[in-house]
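In what follows, a single structure is set out as structure tokens and then discussed.
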Protein chains: 2
Amino acid sequence: MRRAHHPATEELSLPEVMAALSDPLRIGLVRVLADGAERGWGELRAPVAKSTLSHHLRVLRDAGVTRTRQEGTRCFVTLRRQDLQTRFPGLVEALLAAAGAEGVGSGVHLAPGGN
Amino acid sequence: MRRAHHPATEELSLPEVMAALSDPLRIGLVRVLADGAERGWGELRAPVAKSTLSHHLRVLRDAGVTRTRQEGTRCFVTLRRQDLQTRFPGLVEALLAAAGAEGVGSGVHLAPGGN
DNA sequence: TTCGTTGTTCGTCGAATATCGAACAAGCTA
DNA sequence: TAGCTTGTTCGATATTCGACGAACAACGAA
């Protein structure tokens with residue numbers, strides 16, 4: 001579990017962010033994180049193998065969409081909403097609104113018990 | 001030169017549109033078309049082979065981002081801004097603003113003489 | 001130290017993408 | 001009809017992506 005790299009705000013790449021946000025599962029993850037709360041990795045439920053989920057979270061992290069904090073053997077994920085808003089104003093809001101209206105990424109949700 | 005398929009407004013897929021807009025060259029094409037004017041294919045200049053340009057225009061068209069009209073042996077392209085705004089409000093505006101600020105897709109431009 | 005938990009990384013696979021040049025097709029034009 | 005122009009389509013490559021299971025690494029607990 002090497003320490004993950006997070007691009008600085010000024011390093012965010014628009015095409016990279018757009019690409020990260022072009023997958024339904026990743027859009028679902030962003031939706032789940034949209035309320036700004038920090039979520040535990042294990043709290044995230046998606047219909048894919050955990051290695052696949054790890055991959056998608058890495059794509060989001062590498063693009064600068066999310067931030068991962070490590071605590072012991074656990075990880076916590078947050079949406080870098082302010083950073084994204086600074087660099088690409090309105091983009092995430094528009095995406096979330098559209099995704100919500102369309103039900104994109106609805107396969108992703110949180111563990112019932114708040115696990 | 002078969003007649004191209006254009007998805008209806010209600011058929012636009014958010015992930016597909018996001019994917020179409022995740023390539024610098026395609027973002028550049030959208031920027032060039034952002035003023036709403038219809039542009040001739042031959043007017044578009046990009047640092048790629050014409051078959052590659054044709055491919056990118058097809059990706060945009062298939063995703064519903066642009067509309068292609070054929071007139072004789074020539075093609076004219078427009079941005080489907082209203083359709084996109086209807087389905088994904090604010091998305092294209094946010095993208096254009098960010099791309100403009102970042103200079104994304106600046107390799108694409110119009111032929112000097114308006115060809 | 002020995003487990004058990006928690007994510008990451010690795011190796012692999014098939015599908016998709018970006019790119020090019022060449023060949024092609026559809027209309028004009030001579 | 002014979003060219004010319006204009007894009008599209010067709011291979012051919014090279015690369016990337018999404019997915020999986022298995023192996024691994026880091027840490028806490030027993």
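The chains referred to below are lettered A, B, ... by the order of the sequence lines, with proteins before strands, and numbering in each begins at 1.
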Please tabulate, for the side chains in residues 26-34 of chain B, all donor-acceptor contacts under 3.5 angstrom to protein atoms that are two or more places apart in sequence or on a different chain.
residue, atom, partner, partner atom, Å
B/Arg26, NE, B/Ala20, O, 2.7
B/Arg26, NH1, B/His56, ND1, 3.0
B/Arg26, NH2, B/Ala19, O, 3.3
B/Arg31, NH1, B/Val104, O, 2.7

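Note on B/Glu102 versus A/Arg87: salt bridge recorded, some NZ/NE/NH1/NH2 to OD/OE distance being below 4.0 Å.
Not counting sequence neighbours, the partners of A/Arg69 by the salt bridge (charged side-chain N to carboxylate O under 4.0 Å, His left out) test are A/Glu38, A/Glu71. A search for salt bridge (charged side-chain N to carboxylate O under 4.0 Å, His left out) contacts involving A/Arg67 returns A/Asp83, not counting sequence neighbours. A/Glu16 is linked by a salt bridge (charged side-chain N to carboxylate O under 4.0 Å, His left out) to nothing, counting only residues two or more places apart in sequence or in another chain. With sequence neighbours excluded, no residue satisfies side-chain hydrogen bond (donor to acceptor under 3.5 Å, both in side chains) with A/Ser51.
Of the side-chain N and O atoms in B/Trp41, one or more sit less than 4.0 angstrom from OP1 or OP2 of D/dT8.
Whole-Å rounding puts the B/Leu57 CG to D/dG7 P distance at 10 Å. Atom-to-atom, CG of B/Leu60 to C1' of D/dT8 comes out at 16 Å; the value is rounded to the nearest Å. Put simply, CD on A/Glu43 is 13 Å from P on C/dT6, counting in whole angstrom units. Whole-Å rounding puts the B/Lys50 NZ to C/dG21 P distance at 11 Å. To the nearest angstrom, P of D/dC17 lies 16 Å from CG of A/Leu25. When the C1' atom of C/dG27 is taken as reference, atom CZ of B/Arg74 falls 11 Å away, rounded to whole Å. The CZ-P distance, from A/Arg39 to C/dT6, rounds to 18 Å in whole Å. In this structure, CD of A/Gln70 is placed 13 Å from C1' of D/dG28, rounded to the nearest angstrom.
Closest contact between the side chain of B/Ala49 and the listed nucleotides D/dT8, C/dT8, C/dC20 involves C/dC20. Listed nucleotides: C/dA26, C/dT8, D/dT8. Nearest to the side chain of B/Thr73: C/dA26. Which of D/dC20, D/dT8, C/dG21 sits closest to the side chain of B/Ser51 comes down to C/dG21.
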**Asked** Along nucleotides 12-18 of chain C, 5' to 3', which nucleotides get a B, which get an S, and which get a -, given that the test is a protein heavy-atom distance under 4.0 Å?
**Response** ------S

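For CZ of A/Arg58, the number of neighbouring non-hydrogen atoms (other residues, nucleotides, ligands) closer than 6.0 Å is 12 at most.
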